[in-house]
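Remarks on the structure that follows.
Ligands are counted one by one from 1 in listed order, and the atoms in each one are counted from 1 as well. All values derive from a computational prediction rather than experimental measurement.
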Amino acid sequence: MTVGIVGLGAAGLRTAMLLERAGVTVRLFEARYRPGGRMFTADEGNGAVYEAGGEWIDADHLRCLDLMGEFGLEPNEPVDWPRKLVHKGKECTDVTLWNDALEDDLRVEAAAREFCSNLREPPWENLQAKELDRQVLGDFLREHTSSERGLWWVTAKYRSDEGDDPDRIGLLGWLSGYLHYMDREGEEMSAYRFPGGASRLFERMIGTLKAEPVYGAVLHRVRQDASGVTLIFENGEARVDRVILTLPPPALERVVFEPAISVEKRCAVEACRMSRAIKIVWEFDRPWWEEAGWGGSMLCDGPLQQTWDASGADAPVLSAYICGDRAVEWSRLGDPVRAGVYELSLLFPQAAKSFQRGWIHDWVNDPYAQGAFSHLAPEYVLEHMRYIAPAEGRVHFAGEHTAMWTGFIEGALESAERVVEEIIRTES
Ligand SMILES: Cc1cc2nc3c(=O)[nH]c(=O)nc-3n(C[C@H](O)[C@H](O)[C@H](O)COP(=O)(O)OP(=O)(O)OC[C@H]3O[C@@H](n4cnc5c(N)ncnc54)[C@H](O)[C@@H]3O)c2cc1C
């Protein structure tokens with residue numbers, strides 16, 4: 001049996017590793033001229049190295065940690081500086097959180113826990129929760145907070161997790177994700193990073209494979225018949241017994257299927273929303289934030305939303321992660337890098353003098369992703385979610401959007417395990 005894998009991000013490469021390990025021949029195709037998809041370690045020269053896409057691993061992302069372990073890579077633990085919070089010109093840190101914000105945070109957490117205690121898995125089994133599926137996270141946060149600062153804090157926190165504004169996130173979908181958090185102890189979020197960068201992990205993954213990836217292969221059409229599948233790329237064709245498509249939903253939407261895929265699958269792909277997030281990255285001549293006794297991590301009510309020290313090598317680098325409507329606005333600015341330095345210098349005057357050069361990674365307009373990661377929009381869970389992962393004949397689907405760890409690197413790896421099991425079961 002020969003299985004084609006289209007899309008060589010975390011899902012595609014992990015699938016290839018697992019299938020080859022099971023004795024299956026794979027053929028690998030990727031539209032870009034590099035592996036990794038939405039994970040990519042940018043090396044701008046002179047020591048300026050940082051993650052342009054997926055970066056953080058939570059302590060309970062066991063598949064990620066195990067994968068690193070397979071290659072003898074120890075996860076990086078970031079330096080433990082408290083995160084600065086800036087709201088209306090006042091500052092605190094997440095360990096000295098203002099009382100009103102803390103109270104609201106606890107209220108939101110308690111309400112989420114209560115709702116979660118009535119939820120079943122998988123999320124689409126919660127037919128009793130139609131009303132929750134219609135609501136948005138933003139309304140839930142407004143309902144369970146009593147101060148303006150508290151509302152800002154919980155909004156900023158969950159916008160960062162979801163990669164988009166809470167008014168676009170479905171409440172049932174968010175609660176289904178929250179179920180994962182309930183077992184967590186202490187600070188298990190954003191606990192680790194890939195040592196040497198995520199791209200190093202992808203090099204190692206490719207190094208284990210017998211199959212040679214074909215880059216620049218943009219899939220346009222998938223034609224299946226009783227004996228196999230023909231893949232039609234911009235620049236050629238391939239015939240395989242089965243295919244696994246790991247394309248993010250907006251890219252999948254552009255593929256033509258012959259015969260057409262089911263209406264349910266088509267609607268699920270179209271309804272699966274991508275979070276709107278960009279990264280702006282600045283290199284400085286010195287880590288002025290450390291000199292000021294600060295680690296670089298901040299959540300603020302200004303346009304930059306969130307920053308952290310993203311230095312992956314010698315050069316001091318700060319990164320801003322901007323989500324939602326703001327990300328769209330900033331992706332349209334003539335010079336978002338300079339505009340960002342200006343915003344930063346309003347808070348930290350040293351930034352302007354120390355600035356060397358910078359970059360923007362605009363995932364909203366990325367041709368092969370059109371967003372950072374998927375989130376569960378209102379009415380998605382009960383109407384569509386169950387249809388996103390199942391195979392259509394010889395065509396199989398993987399990628400973070402098909403997983404229970406939706407949106408995460410962990411989800412991409414989870415989907416790889418599921419789809420490999422699906423193929424092996426179907427063939428045996
Ligand atoms: C800015 C940003 C920050 C993030 N932060 C985190 C984080 O901190 N922690 C975390 O866990 N996750 C994070 N993520 C999400 C994480 O990166 C993704 O969930 C994960 O990388 C998705 O892997 P995937 O294999 O499912 O999809 P992808 O990596 O998107 O792989 C799909 C591949 O398909 C290819 N493709 C698309 N169209 C075609 C076509 N027509 N023909 C052929 N190939 C095609 C793409 O080029 C791509 O390589 C972040 C993502 C971004 C963008």
Side-chain angles (χ1 to χ4, degrees), residues 4-16 28-40 42 50-58 60-61 63-65 78 160-164 189-194 198 201-202 205 213-222 231-235 238 243-256 272 274-281 306 308 310 319-323 327 360-364 366-375 397-403 405-416 419:
I5 300 174
V6 187
L8 300 183
L13 284 177
R14 185 60 175 158
T15 304
L28 309 175
F29 305 96
E30 166 57 49
R32 303 178 204 259
Y33 288 87
R34 59 162 181 84
R38 281 169 277 162
M39 294 169 70
F40 161 53
Y50 59 86
E51 298 294 0
E55 180 161 356
W56 297 97
I57 306 157
D58 296 351
D60 53 359
H61 289 177
R63 292 178 183 86
C64 276
L65 296 171
S160 159
D161 291 350
E162 298 297 322
D164 212 320
M189 293 282 286
S190 305
Y192 304 113
R193 283 195 271 202
F194 293 94
L201 180 73
F202 289 110
M205 289 170 90
V214 178
Y215 293 110
V218 181
L219 182 71
H220 282 300
R221 202 171 274 267
V222 175
L231 303 172
I232 300 161
F233 297 95
E234 205 163 74
N235 46 5
V243 67
I244 300 167
L245 304 180
T246 72
L247 285 51
L252 200 53
E253 233 181 289
R254 293 197 297 267
V255 175
V256 177
C272 188
M274 298 293 281
S275 291
R276 301 164 302 160
I278 61 172
K279 275 189 179 177
I280 300 179
V281 182
Q306 185 170 11
W308 61 76
S319 161
Y321 176 56
I322 306 176
C323 306
I360 173 167
H361 291 274
D362 176 3
W363 292 98
V364 182
D366 179 277
Y368 301 116
Q370 285 175 264
F373 44 89
S374 63
H375 63 250
F397 299 88
E400 54 82 9
H401 57 285
T402 67
W405 280 103
T406 314
F408 291 100
I409 305 160
E410 181 73 3
L413 302 178
E414 176 202 322
S415 77
V419 81

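- The shortest N/O to N/O separation between Ile57 and ligand 1 does not fall below 3.5 Å.
- Residue-ligand proximity, Gly36 to ligand 1, at heavy-atom distances under 4.0 Å covers atoms 29 (O).
- Residue contacts with ligand 1 for Ala372 involve both N, CA, C or O and side-chain atoms from C-beta outward (heavy atoms, distance under 4.0 Å).
- For the pair Thr406/Glu400, a side-chain contact is recorded, criterion being any heavy-atom separation below 4.5 Å from C-beta on.
- No side-chain heavy atom of Tyr368 sits under 4.5 Å from any side-chain heavy atom of Leu247.
- Of all the heavy atoms of Phe373, the ones lying under 4.0 Å from any atom of ligand 1 belong exclusively to the side chain.
- For ligand 1, one of its N or O atoms has an N or O atom of Trp56 under 3.5 Å away.
- Where the criterion is an N or O separation shorter than 3.5 Å, residue side chain and backbone included, Leu219 meets it with respect to ligand 1.
- Remark: the backbone N or O of Gly7 is paired with a side-chain donor or acceptor of Thr246 at under 3.5 angstrom.
- When each atom of ligand 1 is checked for a heavy atom of Gly37 under 4.0 Å away, the hits are 29 (O), 48 (C), 49 (O).
- Remark: Arg32 engages Asp366 in a salt bridge, criterion side-chain N to carboxylate O under 4.0 Å.
- Taking only non-hydrogen atoms, the option from Ala412, Gly163, Ser374, Pro250 nearest to atom 23 (O) of ligand 1 is Ala412.
- The protein heavy atom nearest to atom 39 (C) of ligand 1 is Leu247 CG, 3.6 Å.
- Looking at Trp363 against ligand 1, only its side chain comes within 4.0 Å, counting heavy atoms.
- Near Met39, meaning under 4.0 Å from one of its heavy atoms, ligand 1 places the atoms 17 (O), 21 (O).
- Each of the following atoms of ligand 1 lies closer than 4.0 Å to a heavy atom of Gly399: 26 (O).
- Contacts of Glu162 classified as salt bridge (charged side-chain N to carboxylate O under 4.0 Å, His left out), with partners at least two apart in sequence or in another chain: none.
- Residue Arg32 has at least one heavy-atom neighbour below 4.0 Å for each of these atoms of ligand 1: 46 (C), 47 (O), 49 (O).
- Residue Pro248 touches ligand 1 through its side chain alone, judged by heavy-atom distances below 4.0 Å.
- A search for ring pair (Phe, Tyr, Trp, His ring centres under 6.0 Å) contacts involving Tyr321 returns Trp308, not counting sequence neighbours.
- Remark: distances from the non-hydrogen atoms of Ala217 to ligand 1 include one below 4.0 Å.
- Taking every non-hydrogen atom of Gly7 and a distance limit under 4.0 Å, the qualifying atoms of ligand 1 come out as 33 (C), 34 (O), 35 (C).
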**OP:** Evaluate the criterion side chain to side chain contact (heavy atoms under 4.5 Å, CB included) for residue pair Phe373 and Arg38; output intermediate values, then yes/no.
**Re:** CA-CA 8 Å; Phe373 44 89; Arg38 281 169 277 162; 4.0 Å; yes

Subject >> Test side chain to side chain contact (heavy atoms under 4.5 Å, CB included) applied to Glu51 and Phe40, step by step >> reply: CA-CA 6 Å; Glu51 298 294 0; Phe40 161 53; 6.0 Å; no

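- The aromatic ring centroids of Phe408 and His61 lie less than 6.0 Å from each other.
- Here the closest non-hydrogen pair linking Glu410 and Asp60 is OE2-O, 4.5 Å.
- Of the candidates Ala327, Ser319, Gly54, Gly54 brings a heavy atom nearest to atom 17 (O) of ligand 1.
- A donor-acceptor pair is defined here as one N or O able to donate and one able to accept, closer than 3.5 Å; such a pair exists between the side chain of Glu30 and the backbone of Leu8.
- Of the N or O atoms in Ala277, none lie within a sub-3.5 Å distance of an N or O in ligand 1.
- Distances from atom 27 (O) of ligand 1 to the heavy atoms of His361, Arg38, Arg254, Glu55 put Arg38 nearest.
- Each of the following atoms of ligand 1 lies closer than 4.0 Å to a heavy atom of Ile409: 9 (N), 10 (C), 11 (O), 12 (N), 16 (C), 19 (O).
- At a 3.5 angstrom cut-off on N or O pairs, Gly407 counts as close to ligand 1.
- Among all protein heavy atoms, the one lying closest to atom 46 (C) of ligand 1 is Glu30 OE2, 3.5 Å.
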**OP:** Any chance you could lay out the side chain to side chain contact (heavy atoms under 4.5 Å, CB included) test for Ile5 and Phe29, step after step, and finish with the verdict?
**Re:** CA-CA 6 Å; Ile5 300 174; Phe29 305 96; over 6 Å; no

Subject >> Evaluation steps, side chain to side chain contact (heavy atoms under 4.5 Å, CB included), between Leu219 and Ile232 >> reply: CA-CA 6 Å; Leu219 182 71; Ile232 300 161; 5.9 Å; no

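- Set against the non-hydrogen atoms of Thr246, the atoms of ligand 1 under 4.0 Å away are 32 (C).
- Not a single heavy atom of Gly411 sits less than 4.0 Å from an atom of ligand 1.
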